[in-house]
Amino acid sequence: MWVVADNWGDLLRDRSAPAANTAHSSSAPLTPEQIEQGRYLALAGNCMACHTTRGGTPWAGGRRTDTPFGGVYSSNLTPDPDTGLGRWTAQDFWKALHRGRSKDGRLLAPAFPYNHTSVITRPDSDAIFAWLNTLPPVVQAQPAHTLVWPVGTQPALAVWRSLFFEPSPFQADKSQTAEWNRGAYLVQGLGHCAACHSPRNALGASGPVRDLSGGLMPVVNWYAPDLTHDAESGLASTPLPEIVRLLRTGGSTTAQTSGPMGEVVQHSLQHLKEPDLQAMAIYLQSRAQSTPQPAPGKAPPPRISLQVATLGRKVYENQCLQCHGEQGEGVKTASGEVAYPALAGNRAVLLSDPTNLVQLVLYGGYGPATQGHPRPFGMPPAVLELQDRDIAAVLTHLRSHWGNRAGEVTPLQVNRIRAAQGP
């Protein structure tokens, strides 16, 4: 539903940011240490992933992000005066991060997660801006967005913001430790974890910056697990060092990352300092441990037809057994590292939403290559080898054997994900 305003000027004027947050001035030049901190913070925010085209010049923008409403192209963050940030000031940059407005006052499309960047402190914003200004300038104009009308218009963005956006400058919780607060700052701000790990409504708005309740990521079709629910994330019951290890390397003794989260680990998290990873792990675990968990129940065995059961077992024996074992026990390397994960009791297998399983079978499962795990094992794609009914049957087999008690996967579910990826 679109809201009609009597005076668009009132909606387009910025009334959101408290004066206390915009009064900071950074007239003094930043030190080399602060500029290096800006480089590190840009890594923590995984900014280059969106602001670099595949195979293109880093930070020069132009990468397309597909949304349910059309395509959005990232801006050039190099200091080119005509197509980049060369004529921007630190105040302009802060305004973009904190209020979602460009230098000329235009409202930015919310594909740029300014609800999360509004968490970032002014000193950190200034440090990032100072570091970006040390990059070589690149001439590359930002392509025009291809959003459907009227979604990309300024009045429509003003209405959207009036409904779903309010700056969220970080407020430390005085009842928590400095380490916990550092983790909260990174998760809610630079990490923008809720951008994926919270559900989106029909108008594309995600939950608050601290919402980690999980949801299906539109267009890319991956399910981001509920980080406050131990059955989905394991954060409440996993030892803290293993959570840190997962964030740093992409794998632990109980979990492995793939898909969009694998990219976050590869391009961002593996480069963070150990104290920051520890702080994030502490915050995430505390959120899971403080959330009431549903009492475990004994689910009845799913009712599966003989035809599906027979096909699923056959596909598993031909395609999966060699790596994942006869009883879904998985395979470890000689040093005890997980090579191919166990499927019995695997949280990813048991998710009520089987989207990620379908993605992994269709397009392959590849963990991130990190310094701590430079040569991860992978699973080849079956998109050209297996039909929808084969994939549905084998996933149903995984979800109903070795003590697993999850629902059947249907060929229609597989087909929808296959079709959504396009040719």
Side-chain angles (χ1 to χ4, degrees), residues 196-197 214-227 229-234 246 250-252 254-263 299 301-302 304-305 308-309 311-325 327-331 338-368 376-421:
C196 293
H197 287 277
L216 185 67
M217 301 167 62
V219 180
V220 296
N221 283 304
W222 282 85
Y223 175 76
D226 182 348
L227 299 184
H229 188 188
D230 195 59
E232 292 198 8
S233 69
L246 182 69
S252 69
T254 59
Q256 290 183 308
T257 61
S258 190
M261 187 61 196
E263 294 178 12
I304 302 164
S305 70
V308 170
L311 178 59
R313 183 174 63 253
K314 179 181 177 181
V315 174
Y316 184 83
E317 290 173 351
N318 291 338
Q319 303 284 339
C320 317
L321 184 148
Q322 183 176 359
C323 294
H324 293 286
Q327 301 300 317
E329 69 273 21
V331 173
V338 175
Y340 302 105
L343 303 176
N346 189 308
R347 288 187 299 274
V349 172
L350 296 172
L351 285 173
S352 58
D353 187 328
T355 295
N356 295 354
L357 284 180
V358 176
Q359 287 274 22
L360 290 168
V361 175
L362 279 173
Y363 305 109
Y366 301 98
F377 289 81
M379 182 174 77
V383 62
L384 300 178
E385 188 173 355
L386 297 179
Q387 299 179 16
D388 294 345
R389 66 185 185 92
D390 299 325
I391 295 173
V394 73
L395 292 181
T396 298
H397 179 81
L398 307 185
R399 289 160 64 86
S400 60
H401 281 71
W402 318 304
N404 292 344
R405 294 289 183 266
E408 181 178 357
V409 180
T410 68
L412 180 59
Q413 288 174 303
V414 178
N415 182 261
R416 284 174 175 168
I417 296 171
R418 188 195 293 263
Q421 299 302 117

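All figures in this text were calculated on a predicted structure; none of them were measured in a lab. Atoms considered below: every heavy atom in the structure, side chains included; atoms not considered: hydrogens, waters and symmetry mates.
With sequence neighbours left out, the side-chain hydrogen bond (donor to acceptor under 3.5 Å, both in side chains) criterion links Asp390 to no other residue. By the side-chain hydrogen bond (donor to acceptor under 3.5 Å, both in side chains) test, Gln359 is found to be paired with no residue, residues two or more places apart in sequence or in another chain being considered. Legend: residues meeting ring-ring contact (aromatic ring centres under 6.0 Å, His included) with His401, ordered by chain and number and at least two apart, are His397. When the ring-ring contact (aromatic ring centres under 6.0 Å, His included) test is applied to Trp222, no partner is found at least two apart in sequence or on another chain. Listed by chain and number, the residues in a salt bridge (charged side-chain N to carboxylate O under 4.0 Å, His left out) with Asp388 are Arg418 (sequence neighbours excluded).
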Inset, instruction - With side chain to side chain contact (heavy atoms under 4.5 Å, CB included) as the test, would you mind laying out the steps for Val409 and Leu357 before giving the verdict? - result: CA-CA 10 Å; Val409 180; Leu357 284 180; 5.7 Å; no
Inset, instruction - Begin from the C-alpha positions of Phe377 and Gln256 and carry the test side chain to side chain contact (heavy atoms under 4.5 Å, CB included) through to its verdict. - result: CA-CA 11 Å; Phe377 289 81; Gln256 290 183 308; over 6 Å; no
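Taking each heavy atom of Cys196 and Met217 in turn, the nearest pair found is SG-CE, 3.4 Å. In terms of heavy atoms, Ser352 sits closest to Pro354 at O-CD, 3.4 Å. Closest approach of Trp402 to Ala344, counting heavy atoms only: CB-CB, 3.6 Å. Here the closest non-hydrogen pair linking Pro376 and Pro368 is CG-O, 3.5 Å. For the residue pair Pro381 and Leu362, the shortest heavy atom distance occurs at CB-O, 3.3 Å. Here the closest heavy-atom approach between residue Ser252 and residue Leu246 is recorded as N-CD1, 4.0 Å.
For the atom pair CD (Glu232) and CG (Asp353), the distance works out to 9.0 Å, reported to the nearest 0.5 Å. Rounding to the nearest 0.5 Å places NE2 of His197 at 5.5 Å from CE of Met261. Rounded to the nearest 0.5 Å, atoms CG (Leu343) and CD (Glu329) are 9.0 Å apart. Note that the OG1 atom of Thr355 and the CG atom of Leu360 stand 11.0 Å from one another [nearest 0.5 Å]. To the nearest 0.5 Å, atom NE2 of residue His324 and atom OH of residue Tyr340 are 8.0 Å apart.
The closest side-chain heavy-atom distance from Arg416 to Asn221 is not below 4.5 Å.
Arg399 places a side-chain N or O within 3.5 Å of a backbone atom of Val349 that can act as its donor or acceptor partner. No side-chain donor-acceptor contact under 3.5 Å links Thr396 to the backbone of Glu408.
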Show me the donor-acceptor pairs within less than 3.5 Å that the side chains of residues 311-322 make with the rest of the protein, sequence neighbours left out.
from	atom 1	to	atom 2	distance (Å)
Tyr316	OH	Gly325	O	2.6
Asn318	ND2	Lys314	O	3.3
Gln319	NE2	Glu385	OE2	3.1

